[in-house]
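Following: one structure in structure tokens, then a few remarks.
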Amino acid sequence: MKKHKSKKSASITILLILFVLIPVPVLAIDTHRFMANPFILLPLFVPTILVLWLYFDTYYLIDGQKLRYHSAFLNGEIEINQIREISKRKAIWIGIKPALSGNGLIIKFNRFDEIFIAPKNKAEMISDLLAINSKIMVV
């Protein structure tokens, strides 16, 4: 089983920093009110927790004959022998996209299925997939 980390774009990193820093000035404005009823802060912390979850829990595994993807609540697996084509290009706007970057790989499998992933090292991931299924066409 080989784990490939996800590439994280600068915009996702900036978004994460903003979500973490936004509650600080809000707390500083009126600390006593928020300490009296801390549940008022819940709408600020829920998006922060979701972005943190996505940021730290997005990765791809090659496990035997399967490519598994994991991005927070979006999980799944693809039979590597069903992969027809891998394209190196920008993100697709429809379909499944368990990625944190706009520059990655589009994997076409089965007859009409596509998924966009963004591993940190694209060449290594492609070579790992080709080692299992040499019939994959790389575009």
Side-chain angles (χ1 to χ4, degrees):
M1 181 166 30
K2 186 167 183 181
K3 185 175 185 176
H4 292 269
K5 293 181 180 180
S6 177
K7 181 178 178 183
K8 295 166 178 82
S9 71
S11 59
I12 293 291
T13 305
I14 291 169
L15 182 69
L16 175 68
I17 291 168
L18 286 175
F19 271 118
V20 169
L21 293 180
I22 284 173
V24 174
V26 172
L27 280 170
I29 291 171
D30 195 0
T31 308
H32 299 293
R33 179 183 303 184
F34 294 119
M35 291 302 164
N37 189 1
F39 292 108
I40 296 172
L41 292 174
L42 197 58
L44 288 174
F45 288 115
V46 170
T48 304
I49 292 167
L50 288 173
V51 171
L52 282 168
W53 186 22
L54 277 168
Y55 193 83
F56 291 109
D57 198 34
T58 299
Y59 59 88
Y60 316 103
L61 289 172
I62 295 178
D63 186 12
Q65 297 293 315
K66 295 183 180 191
L67 170 63
R68 298 180 194 274
Y69 56 90
H70 188 86
S71 182
F73 48 83
L74 184 61
N75 305 310
E77 60 185 37
I78 301 166
E79 291 286 336
I80 296 174
N81 290 327
Q82 298 296 321
I83 297 174
R84 297 178 288 114
E85 181 182 315
I86 299 175
S87 301
K88 299 179 197 176
R89 55 183 193 175
K90 300 283 183 187
I92 54 176
W93 294 100
I94 57 172
I96 302 172
K97 187 181 171 190
L100 298 174
S101 176
N103 190 4
L105 304 172
I106 296 174
I107 298 179
K108 297 179 181 182
F109 60 101
N110 294 332
R111 187 165 177 165
F112 299 110
D113 297 324
E114 291 183 352
I115 186 170
F116 178 83
I117 62 172
K120 203 175 244 185
N121 189 338
K122 293 186 273 188
E124 183 181 351
M125 179 153 220
I126 290 171
S127 67
D128 290 345
L129 292 171
L130 286 172
I132 297 170
N133 181 2
S134 60
K135 295 177 184 176
I136 297 174
M137 185 171 59
V138 180
V139 178

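Treat the numbers as computed from the prediction; the structure is a model and nothing was measured.
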Heavy-atom side-chain proximity of S9 to L100 below 4.5 angstrom: no
Return a table of donor-acceptor pairs under 3.5 angstrom between the side chains of residues 131-139 and protein atoms on other chains or two or more places apart.
residue	atom	partner	partner atom	Å
N133	OD1	K135	N	3.0
N133	ND2	I80	O	3.0
N133	ND2	I83	O	3.4

Among I78, N75, I107, which residue satisfies the side chain to side chain contact (heavy atoms under 4.5 Å, CB included) criterion with Y69? I78
Go through it in stages, so that I can follow the logic: the residues are F109 and L67, the test is side-chain contact (heavy atoms from CB on, under 4.5 Å), and I'd like the CA-CA distance, side-chain angles, deciding distance and then a yes or no. CA-CA 11 Å; F109 60 101; L67 170 63; over 6 Å; no
ring-ring contact (aromatic ring centres under 6.0 Å, His included), paired with H70, selected from Y59, F56, Y60: Y59
Of all heavy-atom pairs linking K88 and I126, the shortest is CE-CD1, 3.5 Å
Rounded to the nearest 0.5 angstrom, the NZ-OG distance for K120 and S101 is 11.5 Å
Same apolar cluster: W53 and L18, side chain cutoff 4.5 Å: no
So salt bridge (charged side-chain N to carboxylate O under 4.0 Å, His left out) across residues 47-64, not counting sequence neighbours, yields D63-R68
Assess whether atom NZ of K122 is packed by more than 12 heavy atoms of other residues, nucleotides or ligands within 6.0 Å. yes
Euclidean distance, L54 CG relative to K8 NZ, rounded to 0.5 Å: 10.5 Å
CA sep, side-chain torsions, deciding dist, call: N103, K7, side-chain contact (heavy atoms from CB on, under 4.5 Å): CA-CA 9 Å; N103 190 4; K7 181 178 178 183; 4.2 Å; yes
Within a strict 4.5 Å, meaning less than it, do heavy atoms of the E79 and Q65 side chains meet? yes
Residues in side-chain contact (heavy atoms from CB on, under 4.5 Å) with T48, at least two apart? F19, V20, L52
Side chains of M125 and I117, heavy atoms from C-beta outward: is any pair under 4.5 Å? yes
Which pair of heavy atoms, one from T58 and one from S6, lies closest together, and at what distance? O-CB, 3.4 Å
Single-linkage hydrophobic cluster I86~I96, side-chain heavy atoms < 4.5 angstrom: yes
Check whether any side-chain heavy atom of M1 sits under 4.5 Å from a side-chain heavy atom of K3, and report yes or no. no
Closest non-hydrogen atom pair, E77 against K66: OE2-NZ, 2.8 Å
State plainly whether one hydrophobic cluster holds both L61 and Y55, where clusters connect Ile, Leu, Val, Met, Phe, Trp and Tyr through side-chain heavy atoms under 4.5 angstrom apart. no
As an exercise, state the distance from CG of L129 to NE2 of H4, rounded to the nearest 0.5 Å. 7.0 Å
Provide the closest heavy-atom pair for R111 versus R84 in the form atom of the first, atom of the second, distance. O-NH2, 3.2 Å
